[in-house]
Amino acid sequence: MSSVSSASDMEEDCILLPLTEIEVVEEEEESTSSDSAEEIPSSVSKQRRVSLASIRRQRKLGTLASLRPASQPISIPAREQRQTPVVSIPVKNWRIAIQKAREFVKNSPNAWQKFGLEKHATEKATRHRYNALRKSWSEDTVLVKMEDEPFDHGAMRECFRLKKLSNFSRSLDWNRASNYVAKRYIEKVDRDVYFEDVKLQMDAKLWGEEFNRHDPPKKVDIMQVVMLEFKDRPGSPLYHLEHFIEGKYIKYNSNSGFVEDESLRCTPQAFSHFTFERSSHNLIVVDIQGVGDLWTDPQIHTKEGTDYGDGNLGTKGMALYFHSHACNRICKALNLTPFDLSNTEIASLERAQFIQTSSKTILRGSEEIVIDPRLKNTGDITLFLRQRSESPRNSPRVSESEDVAMSTSVSPPYSPIDFLDDDPFAASLRRLRSDSENSSVTRGRVRYDSEMSDCFDDTMSPEEEAEHEEFARRQVSRPSCVTLEVNFRRMSLIQGQLTGGSVLGEVHLEMAKYHENGRFAPQQGLNMLHQEEVDWDSAIFHLEKAAVCGVLEAIVALARMFLQLPHDVLEGAHVENTEENTNRGVDYMRMAAVAGDRSAMIYLANGYHTGIGLGTEREIDWVEATRWYSQAVSQSGEDEEGCYDATMEDPAYVLMAKEAELYRQGGHGLERDPERAAELYNEAAELAMAAMKGRLASKYFMIAEECWGEMEE
């Protein structure tokens, strides 16, 4: 009975407390014991303290009256009262936004509920995911339901509705599964094409993250894409998988330079320009399309023109983009330098500039301008980059008039003749340097805030954030302006190489060729292209820019064009036969010869030998002639761009015989040397014999004997 009554007493004394803070009366250790847990003797005169304690703490300490009798009191130490943390306004706004987003998702109807995907059979598929930072692939298994017939198709692929359960979901409720779009090629393609497409889009997404680090007015994102492999189906078909996005799908630019005026916006065009400069001209991301600033199916052009599928047009694709690109306010805010265009080309972009000027995008003034975040204190390059490394927060914003302006006229070609042997580009570079000193180009620091996850279901780990930061540090920005490109080449490690290595120059060369082919000409219907429709001024303009950047093909083409010689590039372009143009042609020919072009060496050797084709600024000089003959003979390898003129029009034995004749006669600054002439004739005879030229070899041997005789006299 006692046990029963005690149990009932305990039930009566049980107190239900809410999950809030309550007041607890605590006594000191000298409290008088009592037989009843509810009665407190009046003799207790000690000061009592009232503190706040949680339910969990009370249970742990056993201070509830229903659980511990008053005869065994316990004292709870005083706790410091915590101050309520102050929540900033941005945090409050984010919490409100998150709450609204949750309510929107909860109350929004399922867009694909009417299609009854839940009734389709559940399939297991292998998901292949690509990590653009680690350059590695991973795979796992997912559960999906997919329609049997496509609901839409494009020129190359068809689309299927699909639902996928999250691997972290505890339920198999397909009504809550996410909506996806599965895409496959209509025509059968190699399986590697699917993997290459995923790699392309994930690499482009990485550049979207890099763009966001510079705090543009509008952040962009490129959709995550993975590949599904249905191994249980015949042939194990492959599908691309993307989230389904509701909204108006817009194509902002294409991989061939097309830009629709009605869909022209600042952010997509500035993003493509940004990737070109931030990647140091190694690539450009184009073919921007999607809903708002959430894009999909981009294309990447690389300088080599390899990887990323058949849509990678290399420097040709870069040229097509810049021909239709007019820098906007976001380009200027990020301090992207304008690409050099001719007067005619700038005029053709007036409408695009007007449309972008009327854009509603507002700059906040907090954009991080593009710089190299890992400057090295080596050589003169630091002096150049330091002038562009001022933070925009510590210096006034560059005004439009202070920006590097686009070329507004078809300027005469840069005359590179004032060089000596040690620096064949001195004159043109000196002129460019003076232009660059008059322009103000500032650069600022870069923040690294990671916002990308590597897959649909996972969040970013600290290691992945570090990988994003390392990716950003590896990028070296390079301007799109020829003036700064020349300074960059001159003060960088490319000093020892006079030509080659300039992607910007190759882009200008491709633009010149596009003008020659009539790609940019205003053709009427299907009429054949006429020579007068080609903008030859713009073509020569870009050919000159390519030559200044050190493109050997452009240098040789300009040299032959100004010297009225046949030329392969811009074959239909002609310039006036004047003394000034002849002198410029010889200037370019000398540049090509210094860069290792064998035909240019032979031209200069013959010119200094006979005085023909030297212009008015040079005269016969047999010392120079023997020098260039000798270099042309020794040119048995490749030039600086990996090319070699293997033509047999001027074989080595013929050049050696000409050089020997100069030493035999002497004059025009060259001292007579019969011994050297005899040696050269003997070498020429041996080479002629090896080339099966027996009669010519006998002639050279005979002349060599005559030279030996002249030496004895």
Checklist line | Donor-acceptor pair, side chain of Ser324 and main chain of Gly257, under 3.5 angstrom | finding: yes

Next item on the list: Dump the intermediate steps for salt bridge (Lys or Arg N to Asp or Glu O under 4.0 Å) on Arg676 and Glu679, then the final yes or no.
Entry: CA-CA 5 Å; Arg676 176 60 179 160; Glu679 294 175 353; 3.7 Å; yes

Item checked: Exam field: side chain Ser279 to backbone Thr275, donor-acceptor pair closer than 3.5 Å -> yes

Notebook entry, point to check: Hey, does Val286 have a side-chain heavy atom less than 4.5 Å from the side chain of His301?
Noted result: yes

Margin query: Pairing donors with acceptors under 3.5 angstrom, does anything connect the side chains of Asn583 and Thr616?
Written below: yes

Margin query: Just by distance, no angles: are the side chains of Asp535 and Ser538 close enough, under 3.5 Å, to form a donor-acceptor pair?
Written below: yes

Check: Sub-3.5 Å donor-acceptor pair from the side chain of Tyr321 to the main-chain atoms of Gln269, do we have one?
Finding: yes

Check: Would a 4.5 Å heavy-atom cut-off, applied to side chains only, mark Lys545 and Val551 as touching?
Finding: no

Item checked: Stepwise ring-ring contact (aromatic ring centres under 6.0 Å, His included) test for His508 and Phe541 -> CA-CA 9 Å; His508 278 285; Phe541 172 87; 7.1 Å; no

Margin query: Under a 3.5 Å threshold, yes or no: a donor from one side chain and an acceptor from the other, between Ser480 and His273?
Written below: yes

Item checked: Steps toward side-chain contact (heavy atoms from CB on, under 4.5 Å) verdict (Val556, Arg560) -> CA-CA 6 Å; Val556 174; Arg560 301 186 69 85; 4.0 Å; yes

Notebook entry, point to check: Is the backbone N or O of Val259 less than 3.5 Å from a side-chain atom of Asn253, with the two atoms forming a donor-acceptor pair by type?
Noted result: no

Notebook entry, point to check: Is Arg664 reaching over with its side chain to a backbone N or O of Pro674, donor-acceptor style, under 3.5 angstrom?
Noted result: no

Notebook entry, point to check: Between Val654, Asp650, Val633, Asp597, which is the residue that forms a side chain to side chain contact (heavy atoms under 4.5 Å, CB included) with Ile602?
Noted result: Asp650

Next item on the list: Could you tell me whether the side chain of Val534 reaches within less than 4.5 Å of the side chain of Phe520, counting heavy atoms only?
Entry: no

Notebook entry, point to check: Within the side chain of Ser254, is there an N or O that forms a donor-acceptor pair under 3.5 Å with the backbone of Ser256?
Noted result: yes

Notebook entry, point to check: Do Ser342 and Thr344 meet the criterion of a side-chain donor-acceptor pair at a distance under 3.5 Å?
Noted result: no

Next item on the list: Taking Gln635 for its side chain and Gly596 for its backbone only, find out whether a donor-acceptor pair lies under 3.5 Å.
Entry: yes

Margin query: Under a 4.0 Å threshold between the charged nitrogen and the carboxylate oxygen, would Lys513 count as salt-bridged to Glu553?
Written below: yes

Next item on the list: Could you label the plane-to-plane angle of the His214 and Phe274 rings as parallel, tilted or perpendicular, counting under 30° as parallel and over 60° as perpendicular?
Entry: perpendicular

Note to self: Would the distance check show the side chain of His542 and the main-chain N or O of Ile540 forming a donor-acceptor pair, the cut-off being under 3.5 Å?
What the structure shows: no

Notebook entry, point to check: Is the backbone of Tyr603 close enough, under 3.5 Å, to the side chain of Asn606 for a donor and an acceptor to pair up by distance?
Noted result: no

Notebook entry, point to check: Hey, are the side chains of Trp207 and Arg278 touching, using non-hydrogen atoms and a 4.5 Å cut-off?
Noted result: yes

Notebook entry, point to check: Where the side chain of Asn312 meets the backbone of Tyr308, is there a donor-acceptor pair that is under 3.5 Å apart?
Noted result: no

Notebook entry, point to check: Should the ring pair His609 and Tyr629 be called parallel, tilted or perpendicular, given that the plane angle runs from 0 to 90° and is split at 30 and 60?
Noted result: perpendicular

Note to self: Is there a side-chain contact (heavy atoms from CB on, under 4.5 Å) between Glu506 and Lys303? Walk through the geometry before answering.
What the structure shows: CA-CA 9 Å; Glu506 295 290 343; Lys303 64 178 183 180; over 6 Å; no

Next item on the list: Indicate the ring-plane relationship of His323 and His515, choosing parallel, tilted or perpendicular according to the 30° and 60° boundaries.
Entry: perpendicular

Notebook entry, point to check: So do Leu504 and Phe276 actually touch side chain to side chain, heavy atoms under 4.5 Å?
Noted result: yes

Margin query: Whether Arg590 and Glu624 form a salt bridge (side-chain N of Lys/Arg under 4.0 Å from carboxylate O of Asp/Glu) is what I want to check.
Written below: yes

Check: What's the verdict on side chain to side chain donor-acceptor pair (under 3.5 Å) for Gln665 and Glu661, showing C-alpha distance, side-chain angles and the deciding distance?
Finding: CA-CA 6 Å; Gln665 295 181 7; Glu661 182 65 21; 2.5 Å; yes

Note to self: If you define the side chain from C-beta out and look only at heavy atoms, does anything of Arg478 sit under 4.5 Å from Glu277?
What the structure shows: no

Note to self: With a 4.5 Å cut-off on side-chain heavy atoms, are Glu675 and Cys707 touching?
What the structure shows: no

